[in-house]
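Input: a single structure, listed below in structure tokens.
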Amino acid sequence: MASPPDTSKSIKLERYNSYLRRIHSTKLLNASSKLLFRVTLLIALVLILFFTINYPPLSDTPHHVPTHYHSFLSTNFFTSSSAIGGAAWEKQVRHSATPRRQNGMSVLVTGAAGFIGAHCSLALKKRGDGVLGLDNFNSYYDPSLKRSRQDLLVKHQIFIVEGDLNDGPLLTKLYDVVTFTHILHLAAQAGVRYAMQNPQSYVASNIAGFVNLLEVAKVANPQPAIVWASSSSVYGLNTDVPFSESHRTDHPASLYAATKKAGEEIAHTYNHIYGLSLTGLRFFTVYGPWGRPDMAYYFFTKAILQGKTIDVYQTQDEKEVARDFTYIDDVVKGCLGALDTAEKSTGSGGKKRGPAQLRTYNLGNTSPVPVGGLVSILESLLNIKAKKHVIKMPLNGDVPFTHANVSLAYRDFGYKPTTDLLTGLRKFVKWYVGYYEIQPRIKKENGVNTSNPKISA
Ligand SMILES: O=C(O)[C@H]1O[C@H](OP(=O)(O)OP(=O)(O)OC[C@H]2O[C@@H](n3ccc(=O)[nH]c3=O)[C@H](O)[C@@H]2O)[C@H](O)[C@@H](O)[C@@H]1O
């Protein structure tokens, strides 16, 4: 009989093989679960990144503007330090916007760190109205000047929210915190000639930004009354003088003028459909202390002090170019007059409930001065002869002259400009030399001294 096979060896081998299989499968399991874990982690990270970029929380990001607007905004735009939406922020917003007089207004001033915006904010605050500023502090001109204006406003308890008109959620947030009775909308891309260099910035601010503001205002309950900055440039190549509100405004000479004209048409639409009370103010070359460095009176002053040549424009037929230069204090009175006589909007819940006020006014000085005259006044105030380069006006959007008829503004809110160009420029030069700490050869008899002057709003 054959001896039975020795199974003990094969059993051992089988056990060993099964042990190896178990180890192998455990390893496999470990490896695959690690892989699964890593993939899950990666997906989670990608998802977090995606949602952070596309849906940033309002409280953490003060400036979540649609990406297609980013190219129009300044680098400063992203450097605000205060977290928007927090309790401390809301307290500041409320405090700034609360009126201190009976039946006072609560006004949202856009462009509050700008020239006219800063002056109007101070004037409103001084008489007891509540003011909240909004400004994106862009770098169209030296932002440090805007910061200095902001410092001045802060001293008068006016808070400026750093944000852009195109930031819908931010505007909505402001409305959640404050019931504004009025908006004084002065934020804009200004300047006639710059429109040839950066046309998109005009569309972004003056058209898209304005529409965004109106979209938020139309659904507010109650809707605010809105007073906003149009421009004398809408008269374009108009030859009827003085310019009256009933004159043609359909032949603008610059894209800037075209966007302001578009603003007037847009205002008509929101008044017609939603019952928003809207008043457009056509400003005529506003100048004065804390002014805009991109404007001729300002950069002429700088150039004359530095002994640099200035270009003085003439028309193509060698006539003088003239402007109805308007002093800031007069314009501030006009803005406040327009706010005071603005009727309430009639809509609610985004629907019109009755006809609402729609107005347009010239705010000018009514006495045009040739650019040569402006230069002569500056020469005499600075006691320096300007190096003039008289050239034909380039085709850059400029118009040959402006001249306002202001009888409508006088009739409706007593607007009456009282500052002539010499008086206004004297105040400007006094401020300029103080602000930039310049010691020019200024004649004492011109009444200009180098002490640091205060804003005169
Ligand atoms: O009235 C208005 O609506 C407009 O007024 C100004 O525009 P503008 O009148 O052209 O003011 P400046 O740029 O300061 O020019 C004043 C005058 O100086 C002339 N100029 C300008 C620049 C220059 O190098 N040389 C020169 O002679 C211009 O042709 C103009 O007649 C503002 O810049 C606009 O934002 C505003 O909307």
Side-chain angles (χ1 to χ4, degrees), residues 111 114-117 140-141 186-198 201-202 205-206 228-238 242-243 245 249 252-261 263-264 280-288 291-304 308-316 318-328 330-331 334 360-366 368-378 386-404 406 417 421 424-425 428:
F115 170 38
I116 304 175
Y140 165 59
Y141 62 79
L186 302 172
Q189 177 58 62
V192 174
R193 295 172 289 279
Y194 181 66
M196 290 178 72
Q197 285 173 51
N198 189 359
S201 66
Y202 289 79
S205 288
N206 305 355
W228 69 282
S230 183
S231 160
S232 74
S233 65
V234 300
Y235 290 108
L237 305 173
N238 183 36
F243 299 168
E245 290 83 349
T249 52
S254 65
L255 181 71
Y256 168 68
T259 60
K260 285 295 180 183
K261 170 69 178 166
E264 293 189 354
L281 302 175
R282 293 177 180 166
F283 297 140
F284 283 69
T285 316
V286 186
Y287 72 99
R292 273 176 32 211
D294 63 313
M295 289 184 68
Y297 74 94
Y298 201 117
F299 63 76
F300 280 179
T301 301
K302 183 179 179 185
I304 293 170
K308 292 187 178 158
T309 306
I310 56 171
D311 287 336
V312 178
Y313 296 158
Q314 276 188 339
T315 60
Q316 296 308 315
E318 298 185 0
K319 286 193 186 126
E320 289 203 286
V321 168
R323 284 290 179 276
D324 197 4
F325 296 101
T326 311
Y327 189 63
I328 182 66
D330 290 324
V331 165
T360 306
Y361 296 104
N362 287 341
L363 291 186
N365 195 48
T366 71
V369 175
V371 179
L374 166 82
V375 175
S376 301
I377 295 173
L378 288 176
K387 291 181 186 153
K388 284 179 276 187
H389 179 222
V390 180
I391 53 167
K392 284 191 181 156
M393 200 166 71
L395 196 61
N396 57 12
D398 264 326
V399 293
F401 62 89
T402 61
H403 183 183
V406 298
L421 190 57
L425 282 178
F428 165 72

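In this chain, numbering begins with 1 at the start of the sequence shown. Every number for a ligand or one of its atoms is a count from 1 in the order of the listing. The basis for the numbers below is simple: all heavy atoms, side chains too, and nothing from hydrogens, waters or symmetry mates.
With ligand atoms numbered from 1 in the order given, ligand 1 contributes 3 (O) to contacts under 4.0 Å with heavy atoms of S233. For ligand 1 and F284, the ligand atoms under 4.0 Å from any heavy atom of the residue are 1 (O). Listed by number with element, the atoms of ligand 1 under 4.0 Å from a non-hydrogen atom of Y256 are 35 (O), 36 (C), 37 (O). Interface atoms of ligand 1 facing S231, defined by a heavy-atom separation under 4.0 Å, are 2 (C), 3 (O), 37 (O). Shown in contact with A296 at under 4.0 Å from a heavy atom are these atoms of ligand 1, numbered in order with element: 12 (P), 14 (O), 15 (O), 16 (C), 18 (O), 21 (C). Close approach of ligand 1 to F299 is summarised as follows: ligand atoms under 4.0 Å from at least one heavy atom of the residue are 22 (C), 24 (O). Listed by number with element, the atoms of ligand 1 under 4.0 Å from a non-hydrogen atom of V371 are 17 (C), 18 (O), 19 (C), 27 (O), 31 (O).
Here the shortest heavy-atom distance to atom 25 (N) of ligand 1, taken over T285, D311, V321, D294, belongs to D311.
Using bins of under 30°, 30° to 60° and over 60° for the plane-to-plane angle, the ring pair F243/Y235 lands in the tilted bin. Between F428 and Y298, the angle of the ring planes lies from 30° to 60°, which puts this pair in the tilted group. Ring-plane geometry between F325 and Y287 is classed as perpendicular, the angle between the planes exceeding 60 degrees on a 0 to 90 degree scale with a lower cut at 30.
E320 places no side-chain N or O within donor-acceptor distance of the main-chain N or O of V371, the cut-off being under 3.5 Å. Between the side chain of S205 and the backbone N or O of Y202 there is no donor-acceptor pair closer than 3.5 Å. Side chain of N365 to main chain of D324: no donor-acceptor pair is present (N/O by atom type, distance under 3.5 Å, no hydrogens or angles). When atom types are taken as modelled, the side chain of H403 and the backbone of T366 share a donor-acceptor pair closer than 3.5 angstrom. One N or O on the side chain of T326 and one on the backbone of F284 form a donor-acceptor pair closer than 3.5 Å. No donor-acceptor pair under 3.5 Å is formed between the side chain of Y141 and the backbone N or O of P293.
No salt bridge links R282 with E245; every basic N to acidic carboxylate O contact stays at or beyond 4.0 Å.
The protein atom (non-hydrogen) at minimum distance from atom 10 (O) of ligand 1 is D398 OD1, 3.4 Å. In terms of protein heavy-atom proximity, atom 8 (P) of ligand 1 is closest to R323 NE, 3.7 Å. Nearest protein heavy-atom neighbour of atom 7 (O) of ligand 1: V192 CG2, 3.8 Å. Atom 32 (C) of ligand 1 has R292 NH2, 3.6 Å as its closest protein atom, hydrogens excluded (heavy atom only). For atom 2 (C) of ligand 1, the nearest protein heavy atom (residue, atom name, distance) is S232 OG, 3.1 Å. Closest to atom 26 (C) of ligand 1, if we only count protein heavy atoms, is Y313 CD1, 3.3 Å.
Looking at heavy atoms from C-beta onward, D398 lies in side-chain contact with Y313 at the 4.5 angstrom threshold. K308 places none of its side-chain heavy atoms less than 4.5 Å from the side chain of K387.
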Stepwise, does the side chain to side chain donor-acceptor pair (under 3.5 Å) test hold for D294 with Y140?
CA-CA 9 Å; D294 63 313; Y140 165 59; 2.6 Å; yes
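Contact analysis leaves Y298 out of contact with ligand 1, as no non-hydrogen atom separation drops below 4.0 angstrom. Ligand 1 is never approached by F401 to a heavy-atom distance shorter than 4.0 Å.
Taking distance alone, with nitrogen or oxygen atoms compared against 3.5 Å, Y297 stays at or beyond that limit from ligand 1. Considering backbone and side-chain N/O of A190, none are found under 3.5 Å from N/O of ligand 1. Of the N or O atoms in V399, none lie within a sub-3.5 Å distance of an N or O in ligand 1.
Heavy atoms of R193 found under 4.0 angstrom from ligand 1 belong exclusively to the side chain. With a 4.0 Å cut-off on non-hydrogen atoms, M295 touches ligand 1 through its backbone as well as its side chain. Contacts of Y194 with ligand 1, taken as heavy-atom pairs under 4.0 Å, are absent altogether.
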